[in-house]
Number of protein chains: 2
Amino acid sequence: MARTTGHSRPVIKDVAKLADVSAPTVSRYLNGTAKIAEDKRKRIAAAIKELGYEPSMAARALSNQEMDSVVVFASKPDEFSTSATNHGVEAAARKRGFLLNIVSLDESDIASVEARVRMGLAVRPAGVLVYEYGWAGVEALKVIPQGIPTVVVGGGFGDGDYQVINAEREGGRWMTMHLLDLGHKMVFHVQWDQETGDNSRTNGWRDALKEQGIDVPESITVPVGRLDKAVAAGKKLGRRKGVTAIFAATDELAIAVIKGLREAGRKVPQDISVIGFDDMAFDALWEPPLTSYTQNFHEMGQRAFRMLFEQIQAKRKGVDMPPAQVEIVQGRPCLRASEAAC
Amino acid sequence: MARTTGHSRPVIKDVAKLADVSAPTVSRYLNGTAKIAEDKRKRIAAAIKELGYEPSMAARALSNQEMDSVVVFASKPDEFSTSATNHGVEAAARKRGFLLNIVSLDESDIASVEARVRMGLAVRPAGVLVYEYGWAGVEALKVIPQGIPTVVVGGGFGDGDYQVINAEREGGRWMTMHLLDLGHKMVFHVQWDQETGDNSRTNGWRDALKEQGIDVPESITVPVGRLDKAVAAGKKLGRRKGVTAIFAATDELAIAVIKGLREAGRKVPQDISVIGFDDMAFDALWEPPLTSYTQNFHEMGQRAFRMLFEQIQAKRKGVDMPPAQVEIVQGRPCLRASEAAC
DNA sequence: CTGAAAGCGCTTACAG
DNA sequence: CTGAAAGCGCTTACAG
């Protein structure tokens, strides 16, 4: 024998003995994998309760060849979108008795992405969720072996067979259209200078303009994180003729642009309307209160888990995988007071 | 036999066979638990590499009676403090080959806290971290059995044998002192109407005032989340004689107070200085740029894991637990332009 | 509906 | 330094 046993926590055998049945029967009871005689059911239930028995996930995992858990590979761990999505995933997973492992993919070169994926997979999770908010998610997808249930969260269309994405492009279109409806003849767009996917708010801006037969100008790009440059861009816009409406790709950008506009002597929203995107906590307190668009990351997380769970169940039952699907989670405009009719 | 084997992933036996040694030898190699002849080491290393072998954490956990993982019980999953701390924990855990499980404790009644703790413990994690930013953390602590390595994160002094907390009280003292140093004779304090622990910024405010021999007034409380009430409180303060400096317990509160002050016709910082706490993303963009105080949650998370890991190692080696300890993580003032000399 | 047996992939006391 | 054996706590094919 390896070491002394001295159970501190009850194991299935203890339950079986107390209920006067065999361990497999307890197992079947627990997993609903066979019918159990009513009297035995009762005795088992009572024994579990009396002992405070909780099955060992490790033992179960060893037997099942996989854990009742899912791992999320998160490309931008410090962002609100990530933590809100995580929370949604966790809530949905918990209902199914699944545990959540988080492994972050930030700040990593490609080699390290692979190492982290291997590490996350070492527990043999039943499935994985990859957040494709950043490039690291894309890399992770490449090294995750086939056959393990996967859903891609937050990418563009076509990045995976199973995806849940937010209606970002639609949101951008909506916001732009809103400005157009207010009578503005043109809406300018300021964005960070980084690649955006197909499903981007920026493309939504283009969609709206095209829909109205307006020639789409170049968007104004600002080096990532350089708020001062965004202020400068705002100032420049403020001096330019014919600028009456601006859709900023993020609230931060909107605020910086407003600052620049003021430096150029323009008033918001009287002279120029400015709206943002993301609905950050401070928007309502801003002067003027900033109109924005909110995305429902918590909902995304929940749906992503459910989509993953369907695959997991199909795999466990040995039936066909559900058909490929992409779910789109709607967001919602938050109208405040930073825009006005033209 | 239970089911057909058909190894998709290599197991220790495969490595052993390829390296022409026994499985226990591979195990000892992997865990450094015995000396291995040099030639065998080489063969084993080569075999592992060739096969792309990764030990099964589940099997290991079953044998070791515990998993190489830690679980965090997070009382306020949606807050920045939580996700930043998580990230720090995860980074430190990863270096030790430990996985992180997150179980959130929000929105739960007491009964559900207990169920979640049981669930989190079902994997037999090597240790647990409980975030005591909210009451749920306190409850969780009550139901976590003795003997499992635990560290309390973000509570007050004395909430556990092992704690890491931020220098919040000291931060509050520092901020208040800063205002006093600028020549203000009194500093008022606005806070949310919720219980704050011993280690609170509010107590730091009291500390500073007392230190300077100033009678400590009642702090001004605002119902949680009611920003409009905070604006009203600011307005009231603006009309009151002799108010020259306000330390708001959070940046949101500071901004709302400033709004109220302006409604009362006062200028910030010319007439009245206002500073916040937490250093939120928008502070620098505010008008005026808001002076605040930043806490290092990422660092807290890292230290918390390391403190936990020491206990885990002690327990595994069977040596004495490290002495009880509380580590304090320093924050840092972020001086901007919302305060001025009196 | 139910039990005895074997197996999941590791680790460790035991005996060289 | 190293191997054969037994055990960790479950699950499942097999045979009633």
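All chains are named by letter (A, B, ...) in the order of the sequence lines, taking the proteins before the strands, and each is independently numbered beginning at 1. Predicted model only: the values in this text are computed from it and were never measured. Note: hydrogens, waters and symmetry copies are ignored here, and every other heavy atom, side chains too, is used.
A straight line from CG of A:D68 to P of D:dT11 spans 9 Å, rounded to a whole angstrom. Counting to the nearest Å, the P atom of D:dT2 and the CG atom of B:L30 are 15 Å from each other. Here the P atom of nucleotide D:dG9 and the CD atom of B:E66 are 13 Å apart, to the nearest Å. Between the CG atom of B:L62 and the P atom of C:dT11 there is a distance of 11 Å, rounded to whole Å. Spacing between atom CG of B:D14 and atom P of C:dC10 amounts to 9 Å, rounded to whole angstrom units. Note: CE (A:M67) to C1' (D:dC10) measures 13 Å, nearest angstrom.
Expressed to the nearest 0.5 Å, how far CZ of A:R303 lies from CG of A:N296 amounts to 8.5 Å.
Between B:S27 and A:I36, the one whose closest nucleotide on DNA chain C sits nearer the 5' end is A:I36.
Set against D:dT2, D:dC8, C:dT12, the side chain of B:Q65 has D:dC8 as its closest nucleotide. The listed nucleotides are C:dC10, C:dG3, D:dT11; the one nearest the side chain of A:N64 is D:dT11.
Within the 4.0 angstrom heavy-atom criterion, only backbone atoms of the sugar-phosphate kind lie near B:Y53; the bases stay farther away.
Nucleotides D:dA13 and D:dG9 place their P atoms 23 Å apart, quoted to the nearest Å. If you take atom P in D:dA15 and the same atom in D:dT11, they sit 22 Å apart, rounded to whole Å.
The residue from A:L129, A:V153, A:V151, A:V326 that alone fulfils the side-chain contact (heavy atoms from CB on, under 4.5 Å) condition with A:Y162 is A:V151.
Remark: DNA chain C takes part in the stems C:1-3 with D:14-16, C:5-12 with D:5-12, C:14-16 with D:1-3, each of 3 or more antiparallel Watson-Crick or G-U pairs, criterion distances under 3.5 Å.
Evaluation of the side chain to side chain donor-acceptor pair (under 3.5 Å) rule for B:E114 yields no partner, not counting sequence neighbours.
Using a cutoff of 4.0 Å between basic side-chain nitrogens and carboxylate oxygens, B:E54 and A:R118 are scored as salt-bridged. By the 4.0 Å N-to-carboxylate-O rule, A:R316 lies close enough to A:D68 to be salt-bridged with it.
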